[in-house]
Engineer: 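Sending over a structure as structure tokens; questions will come in a sec.
Any value given below was found using the heavy atoms of this structure, including those in side chains, with hydrogens, waters and symmetry copies removed.
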Amino acid sequence: MAFDLIPFILNMLVALISISGGVLLIRTLYRGYVLLGILLAEKKNNNNTEKKE
């Protein structure tokens, strides 16, 4: 019985690590897109202010 429990626990750990890795990857991509959007908006804003002056 103890031998059946060890693979089950290892399988659960692998599943949890996979889920957390996927969440971290999605969060990193989301943060990258947000920063890129802020950078593009700031660049566009700087271009508009230079034309007004």
Engineer: When Ile, Leu, Val, Met, Phe, Trp and Tyr are grouped by side-chain heavy atoms lying under 4.5 Å apart, directly or through other members, which residues fall in the same group as Leu36?
Structural biologist: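 Traced through the cluster, Leu36 reaches Leu40.
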Engineer: Side chains of residues 5-29: which donor-acceptor partners sit under 3.5 Å, not counting sequence neighbours?
Structural biologist:
| from | atom 1 | to | atom 2 | distance (Å) |
| --- | --- | --- | --- | --- |
| Ser18 | OG | Val14 | O | 2.9 |
| Ser20 | OG | Leu16 | O | 3.2 |
| Ser20 | OG | Ile17 | O | 2.9 |
| Thr28 | OG1 | Leu24 | O | 2.7 |

Engineer: Using side-chain contact (heavy atoms from CB on, under 4.5 Å) as the criterion, list what pairs up with Val34, not counting sequence neighbours.
Structural biologist: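 Tyr30, Ile38.
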